Amino acid sequence: MDFAHGSVLSLTLTFAAWFFFFFCYQGMGITLGYHRLLTHKSFKVPAWLRYLLVSGGYLNLMGGPVNWVGVHRLHHQTSDTEGDPHSPLFGFKHSLYEWMFTMDARQTQSELHKQVPDLLQDKILCWFGIDHCIEQAHLCLAFNILYRCLILLLFGYVALFANLIASVIVFWSPQLVNAVCHVERFGYRLFDTRDESRNVWFIALLSHGEGWHNNHHAIPRSARHGMMWWEFDPSYVMICIMEKLGLATDVIRPTDAAMRQKRSQDQPTREDALVGVAD
Ligand SMILES: [Zn+2]
Ligand SMILES: [Zn+2]
């Protein structure tokens with residue numbers, strides 16, 4: 001009996017440890033790698049760490065980094081207007097997942113390339129695809145299957161099971177940011193932005209802090225999305241840890257005065273959201 005309890009406890013702890021590892025590696029691959037680092041250039045890291053962070057996003061079936069960044073920059077420029085690739089104004093299912101299957105019609109290769117002149121300089125990132133064709137999706141799928149085969153072979157069924165559960169949560173969390181954090185009945189707004197973006201706590205918990213989405217639309221280049229004391233932002237905590245370790249530099253933070261000014265007056269123009277392209 002004690003032996004059975006011991007083995008159940010050991011299995012549970014092993015599962016929890018693997019789950020936590022994959023939830024952080026793949027989840028922050030999206031939030032730190034694809035989003036705050038590549039798209040918005042909110043901080044800088046050495047090349048090896050940049051690719052390590054980005055790999056976590058790719059291995060969560062997010063498609064190539066160039067594509068992801070091109071779509072997300074378009075979202076900031078056109079939020080909740082006709083050109084927005086995944087606004088819930090065009091339906092919940094559309095904003096949750098249907099938009100992914102229509103991107104080749106919504107953003108041509110030359111439009112995509114105009115969004116990402118900086119990333120097109122990076123041959124390694126470009127190798128994973130520079131347009132919305134189906135081949136880059138197949139390549140990503142193949143890498144994702146291979147990655148999980150390796151997990152099974154090297155670490156066994158418990159690690160694979162933990163990975164699959166973490167992957168499902170991590171895959172849907174940015175889709176839920178798109179579908180929930182632009183809908184009026186959820187959350188609240190600290191900034192009077194020109195879009196419908198909202199801060200939604202339960203999406204922030206699922207998505208390592210990305211649910212503080214109104215803050216992010218107001219100040220897109222900020223490394224910190226949770227602006228209030230209750231807005232827990234694990235991705236920003238990780239950036240601060242990397243900074244303390246000397247791994248992250250040039251971390252962009254709005255000052256308290258800048259935030260007060262932002263809240264009291266303006267709404268950022270859509271051009272303000274042309275983030276990280278020029279520098
Ligand atoms: Zn948004
Ligand atoms: Zn963004």
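Keep in mind it's a predicted model, so treat the numbers as computed, not measured. Both counts, for ligands and for their atoms, begin at 1 and track the order of listing.
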- Can you give me the NE2-the Zn ion (ligand 1)-NE2 angle for H217 and H182, to 10°?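 It rounds to 100°.
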
- Message: What I want to find out is whether E210 reaches R36 closely enough, with some N-O distance under 4.0 Å, to be called a salt bridge.
- Response: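 Salt bridge present between E210 and R36.
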
- Message: Can you tell me which N/O/S atom of H76 has the shortest distance to the Zn ion (ligand 2)?
- Response: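 Atom name of the closest N, O or S in H76: NE2.
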
- Which N, O or S atom name in H213 marks its closest approach to the Zn ion (ligand 1)?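 Result for H213 and the Zn ion (ligand 1): NE2.
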
- Item | Atom name in H75, limited to N/O/S, at shortest distance from the Zn ion (ligand 1) |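 Result: NE2.
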
- Aromatic ring pairing Y188/W212, orientation class (parallel under 30°, perpendicular over 60°, tilted between):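 The arrangement is tilted - the two ring planes meet at 30° to 60°.
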
- Query: Taking N215 as the fixed residue, which of M227, R189, R224 is the one that meets the side chain to side chain contact (heavy atoms under 4.5 Å, CB included) rule?
  - Reply: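 Answer after filtering M227, R189, R224: M227.
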
- Item | Ring center gap for H35 and H208 short of 6.0 angstrom |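 Ring-ring flag for H35/H208: false, centres at least 6.0 Å apart.
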
- Residues forming a ring-ring contact (aromatic ring centres under 6.0 Å, His included) with F92, sequence neighbours excluded: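 Partners of F92 under the ring-ring contact (aromatic ring centres under 6.0 Å, His included) test: none.
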
- Please find out if the Zn ion (ligand 2) and some N, O or S atom of H216 are separated by less than 2.8 Å.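 Of the N, O and S atoms in H216, at least one lies under 2.8 Å from the Zn ion (ligand 2), which means yes.
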
